[in-house]
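Report on one structure; see the data block that follows.
All figures in this text were calculated on a predicted structure; none of them were measured in a lab.
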Amino acid sequence: MSQNLLQGKRGLVFGVANEKSIAWACAQACAAQGAELAFSYVGEPLEKRVRKLLESDMPDASMFPCDVSKDADITAFFEAVHAKWDSIDFVIHSVAFTHREDLSNPFVATPRSHFALALDISAYSLVAIAREAAKLMSSGGSIMTMTYYGSEKVIPNYNVMGVAKAALEASARYLAADLGPSGIRVNCISAGPVRTLAASAIAGMRDMLDVTEQCAPLRRNVHLDDVAGTAVYLASSLSAGVTGEVLHVDCGYNVLGMYAVMPERRTQGAETGE
């Protein structure tokens with residue numbers, strides 16, 4: 001990848017949980033291309049984790065508290081950013097939440113309050129953040145968010161998060177239409193299964209990784225670097241004509257209508273007479 005694609009650009013990163021977060025991989029890739037960054041965190045445990053990462057890898061980066069479920073927090077975050085910078089160029093939104101039991105119980109059992117919370121944090125937060133970010137993008141910019149194929153098709157145990165991601169993708173399209181006249185692009189990155197802290201909450205995650213590796217056209221799982229490279233592309237002028245899109249970074253898994261029977265299953269069927 002060419003160097004300094006993001007030289008002179010300033011970006012905000014929401015959703016870093018630890019060094020294995022998709023948001024952190026994207027931030028590292030953007031910083032390597034010359035971007036200046038500021039990060040959000042919520043609560044003391046995450047503050048310590050994010051601060052430790054920045055002290056080690058990005059000592060010049062800033063961090064400010066922000067609970068994306070609270071409009072006042074989002075406003076205060078952007079006020080702090082504005083006190084530091086007069087403008088920003090891109091936003092990485094990698095925020096989602098639902099209760100752990102909602103990723104193992106049947107979807108039909110999702111309580112009303114859990115449903116509302118998942119959509120609020122996982123989808124509406126993009127709307128609230130974009131509204132404030134647009135005020136600092138007087139010369140245009142790029143907003144990107146992280147989604148998953150479970151928004152399009154039923155994925156076992158993804159449940160209410162799949163519904164939330166569908167709402168997120170629809171929100172991105174409407175935001176792209178609203179903000180496009182101001183030169184602001186809004187896109188989604190649909191990453192394949194990746195081993196992250198958030199993914200560990202999904203029951204059957206190991207099976208998801210195994211199936212993807214055996215059946216995706218590229219015959220491998222997605223790496224964090226794959227997603228991070230796409231984030232650099234979306235933050236840079238290389239994607240100047242791209243908005244309202246869902247970019248799949250899943251080794252091609254989304255193009256399959258049906259995958260071939262896996263070798264071990266084929267053998268099992270022969271042995272049992274199936």
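Counting heavy atoms from C-beta on, the side chains of T145 and I189 never come closer than 4.5 Å. A heavy-atom distance below 4.5 Å is found between the side chains of F90 and C30. Contact annotation: the side chain of M208 approaches that of I155 to within less than 4.5 Å [non-hydrogen atoms, C-beta and beyond]. Contact of the M137 side chain with the I143 side chain is registered, since non-hydrogen atoms from C-beta on lie closer than 4.5 Å. Here the side chains of V211 and P193 are not in contact, with every heavy-atom distance at 4.5 Å or above. Using a 4.5 Å heavy-atom threshold, the side chains of V227 and V222 count as touching. Taking 4.5 Å as the limit, some side-chain heavy atom of Y233 sits within range of a side-chain heavy atom of L247. Within the 4.5 Å cutoff, the side chain of S40 has no heavy atoms near those of the M63 side chain.
A ring-centre distance under 6.0 Å is found for F77 and F14.
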**OP:** Show your reasoning for whether side-chain hydrogen bond (donor to acceptor under 3.5 Å, both in side chains) applies to H248 and E152.
**Re:** CA-CA 12 Å; H248 291 90; E152 304 173 43; 2.7 Å; yes

**OP:** Using the side-chain contact (heavy atoms from CB on, under 4.5 Å) rule, take Q214 and D210 through it: C-alpha gap first, then chi angles, then the decisive distance, then the call.
**Re:** CA-CA 6 Å; Q214 294 182 59; D210 288 346; 4.2 Å; yes

**OP:** Mind running side-chain contact (heavy atoms from CB on, under 4.5 Å) on K52 and K48 for me, showing each step along the way?
**Re:** CA-CA 6 Å; K52 184 177 180 180; K48 291 180 179 178; over 6 Å; no

**OP:** Report the C-alpha separation of D178 and R131 in whole Å, then their side-chain angles, then the decisive distance to 0.1 Å, and conclude whether the salt bridge (charged side-chain N to carboxylate O under 4.0 Å, His left out) test is met.
**Re:** CA-CA 10 Å; D178 279 355; R131 183 165 53 239; over 6 Å; no

Subject >> Intermediate values then yes/no, side-chain contact (heavy atoms from CB on, under 4.5 Å), S190 and V249 >> reply: CA-CA 6 Å; S190 184; V249 186; over 6 Å; no

**OP:** Evaluate the salt bridge (charged side-chain N to carboxylate O under 4.0 Å, His left out) criterion for residues R51 and E55: first the C-alpha distance (whole Å), next the side-chain angles of each, then the deciding distance (0.1 Å), finally the verdict.
**Re:** CA-CA 6 Å; R51 191 177 301 281; E55 288 175 349; 5.2 Å; no

**OP:** For the pair N187 and V242, evaluate side-chain contact (heavy atoms from CB on, under 4.5 Å) and give the outcome as yes or no after the intermediate values.
**Re:** CA-CA 8 Å; N187 292 287; V242 179; 3.6 Å; yes

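Under a 3.5 Å cut-off, the side chain of S142 and the backbone N or O of L234 do form a donor-acceptor pair. Without hydrogens or angle criteria, S94 side chain to G15 main chain gives no donor-acceptor distance under 3.5 Å. Not one N or O on the side chain of R185 forms a donor-acceptor pair closer than 3.5 Å with the backbone of G241. Looking at S151, its side chain does come within 3.5 Å of a backbone N or O of Y148 through a donor-acceptor pair. Looking at Q33, its side chain does come within 3.5 Å of a backbone N or O of N4 through a donor-acceptor pair. Using modelled atom types, no side-chain atom of S138 and backbone atom of K135 make a donor-acceptor pair closer than 3.5 Å. Side-chain N or O atoms of D67 include none that pairs as donor or acceptor with a backbone N or O of V42 at under 3.5 Å. A side-chain donor-acceptor contact under 3.5 Å links S122 to the backbone of F97.
Here the rule is side-chain hydrogen bond (donor to acceptor under 3.5 Å, both in side chains) with H114, and of N159, D102, T98, N105 only D102 fits it.
A donor-acceptor contact under 3.5 angstrom links the side chains of S62 and K84, judged on distance only. Side-chain polar atoms of D57 and Q28 form a donor-acceptor pair below 3.5 angstrom.
Aromatic ring orientation, Y253 versus Y149: perpendicular (interplanar angle above 60°, classes split at 30° and 60°).
Linking Ile, Leu, Val, Met, Phe, Trp and Tyr residues whenever their side-chain heavy atoms come within less than 4.5 Å leaves I92 and F78 in two separate clusters.
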